[in-house]
Peer 1: 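Pasting in a structure now, in structure tokens, and then I'll have a few things to ask.
Residues take their numbers from the sequence shown, with the count starting at 1. Note that the structure is a prediction, hence the values are computed from the model and not measured.
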Amino acid sequence: MVNLVWFLLIAAGVITGALSGRNEAVTHAALSGAHAAVTLVLGLVGVITMWSGVMKIAEEAGLTEMIGRLVRPVAARIFPSIPEDHPAMTAIVMNVIANILGMGNAATPLGLKAMEEMQRLNRKKDEASDAMCTFLVLNLSIVVLVPTTVIAIRAQHGSANPTETVGPTIILTTCCMILTLVADRVIRGLSISKHPRRR
């Protein structure tokens, strides 16, 4: 669907350029856009590589393990239907750690693995379970300690202090995560009271 939308937008631009006699403007926009994309990607590679190195040092120093010990009991309370020793819980904890440390690329395969394991526990295979819904909203709102992508983009665009958003990001994402989990629990409670047989 997204590819179709992009195709229609590009086709509309090309056709409009042809009808208005401004084909050179379309070509210039395409080339300048490609140049800007490559410049942005190269800039992101450098900054993300640096932060990945910082995260690797944190991992070697035991920070990841410490966060894992802190997260696992909390995750067990957020996902009461998943046994603590189940592979789904392990994938959830690792995904949460990756997200907290701002490693979105590493979090994605772990999130997919968590969903796959939760589907094994799901009694209704054609519907998302409560745990799967909670995991999804948690992923969308989880606290981020190091927003590496935002830092990289700010640095790429010449920000004098690209890390100044770290503090506000931590506060904002913490509040967002708390409110989301409370809303999830309230809505789940209302759903259970409305449909008492649903689990």
Peer 1: Listed by chain and number, what are the side-chain contact (heavy atoms from CB on, under 4.5 Å) partners of R185, not counting sequence neighbours?
Peer 2: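 For R185 the side-chain contact (heavy atoms from CB on, under 4.5 Å) partners, ignoring immediate neighbours, are R188.
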Peer 1: Step by step, would you call F79 with L138 a side chain to side chain contact (heavy atoms under 4.5 Å, CB included)?
Peer 2: CA-CA 11 Å; F79 301 96; L138 179 64; 4.1 Å; yes
Peer 1: If the condition is side chain to side chain donor-acceptor pair (under 3.5 Å), which residues does N122 pass it with, not counting sequence neighbours?
Peer 2: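 Partners of N122 under the side chain to side chain donor-acceptor pair (under 3.5 Å) test: Q119.
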Peer 1: Rounded at 0.5 Å granularity, tell me how far SG in C133 sits from CE in M118.
Peer 2: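 Nearest 0.5 Å value for the SG-CE distance: 9.5 Å.
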Peer 1: Starting from the C-alpha separation in whole Å, work towards a yes-or-no answer on side chain to side chain donor-acceptor pair (under 3.5 Å) for N161 and S159.
Peer 2: CA-CA 5 Å; N161 186 6; S159 172; over 6 Å; no
Peer 1: Would you say L112 ends up clustered with I82 if hydrophobic residues are merged whenever their side chains have heavy atoms under 4.5 Å apart, either directly or through other cluster members?
Peer 2: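 Result: no, two separate clusters.
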Peer 1: Determine whether L181 and I78 make a side-chain contact, defined as any pair of heavy atoms from C-beta on separated by less than 4.5 Å.
Peer 2: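 The answer is yes; the side chains approach within 4.5 Å.
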Peer 1: With hydrophobic residues grouped by side-chain heavy-atom distances under 4.5 Å, do I142 and I171 end up in a single group?
Peer 2: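 As far as the 4.5 Å side-chain criterion goes, I171 and I142 are not connected within one cluster.
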Peer 1: Give the cluster check for L121 versus M89: same hydrophobic cluster or not, with ILVMFWY residues linked at side-chain heavy-atom distances below 4.5 Å.
Peer 2: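 Both belong to a single hydrophobic cluster.
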Peer 1: Where do F135 and A114 come nearest, in terms of heavy atoms and distance?
Peer 2: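 Smallest interatomic distance, heavy atoms only, reads CZ-CB, 3.8 Å.
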Peer 1: Listing request: all salt bridge (charged side-chain N to carboxylate O under 4.0 Å, His left out) pairs with a residue in residues 16-35, at least two apart in sequence or in separate chains.
Peer 2: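 Matches after skipping sequence neighbours: none remain.
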Peer 1: Hey, could you give me the CE/CD1 distance between M115 and I92, rounded to the nearest 0.5 Å?
Peer 2: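 The CE atom of M115 sits 8.5 Å away from the CD1 atom of I92.
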Peer 1: For I178, what residues pass the side-chain contact (heavy atoms from CB on, under 4.5 Å) criterion, not counting sequence neighbours?
Peer 2: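 Counting only residues at least two positions away or on another chain, I178 forms a side-chain contact (heavy atoms from CB on, under 4.5 Å) with T174, V182.
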Peer 1: Please name all residues satisfying side chain to side chain donor-acceptor pair (under 3.5 Å) with T27, sequence neighbours left out, ordered by chain then number.
Peer 2: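 Scan of T27 (side chain to side chain donor-acceptor pair (under 3.5 Å), adjacent residues dropped) gives none.
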Peer 1: So, the side chain of T16 versus the backbone of G13: is there a donor-acceptor pair under 3.5 Å, distance only?
Peer 2: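 The answer is no, because no donor-acceptor pair under 3.5 Å joins these two groups.
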Peer 1: Give the cluster check for L172 versus I170: same hydrophobic cluster or not, with ILVMFWY residues linked at side-chain heavy-atom distances below 4.5 Å.
Peer 2: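 L172 and I170: separate clusters.
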Peer 1: Mind jotting down which residue pairs meet the salt bridge (charged side-chain N to carboxylate O under 4.0 Å, His left out) criterion with at least one end in residues 149-158? Sequence neighbours excluded, please.
Peer 2: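 Those involving residues 149-158 are R154-E164.
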Peer 1: Got a sec, which hydrophobics cluster with L179, joining ILVMFWY side chains under 4.5 Å apart, including via others?
Peer 2: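 So far as hydrophobic clustering goes, L179 is joined with none.
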Peer 1: Tell me who clusters with L19, hydrophobic residues only, linked when side chains sit under 4.5 Å apart either directly or through other members.
Peer 2: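 Members other than L19 - counting any ILVMFWY side chain reachable under 4.5 Å - are I15.
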Peer 1: Between N99 and N95 (side chain of the first, backbone of the second, donor and acceptor by atom type, cut-off under 3.5 Å), is there such a pair?
Peer 2: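 It does hold such a pair.
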Peer 1: Holding to side-chain contact (heavy atoms from CB on, under 4.5 Å), I want the full list of residues that pass it with R120, two or more places apart in sequence or in another chain.
Peer 2: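 Applying side-chain contact (heavy atoms from CB on, under 4.5 Å) to R120 gives E116, E117.
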Peer 1: In the hydrophobic cluster built from side-chain contacts under 4.5 Å, what are the other members alongside V14?
Peer 2: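 ILVMFWY cluster around V14 also holds I10, V26.
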Peer 1: Looking at every non-hydrogen atom in both residues, tell me the closest pair between S32 and A29 and how far apart they are.
Peer 2: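 Where S32 meets A29 most closely, the heavy atoms are OG-O, 3.1 Å.
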Peer 1: With sequence neighbours excluded, what pairs up with V5 under the side-chain contact (heavy atoms from CB on, under 4.5 Å) test?
Peer 2: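 With neighbours one apart ignored, the set is L9.
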Peer 1: By the salt bridge (charged side-chain N to carboxylate O under 4.0 Å, His left out) test, which pairs, at least two apart or in different chains, include something from residues 27-37?
Peer 2: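 Every candidate salt bridge (charged side-chain N to carboxylate O under 4.0 Å, His left out) pair involving residues 27-37 fails, so no pair, neighbours aside, qualifies.
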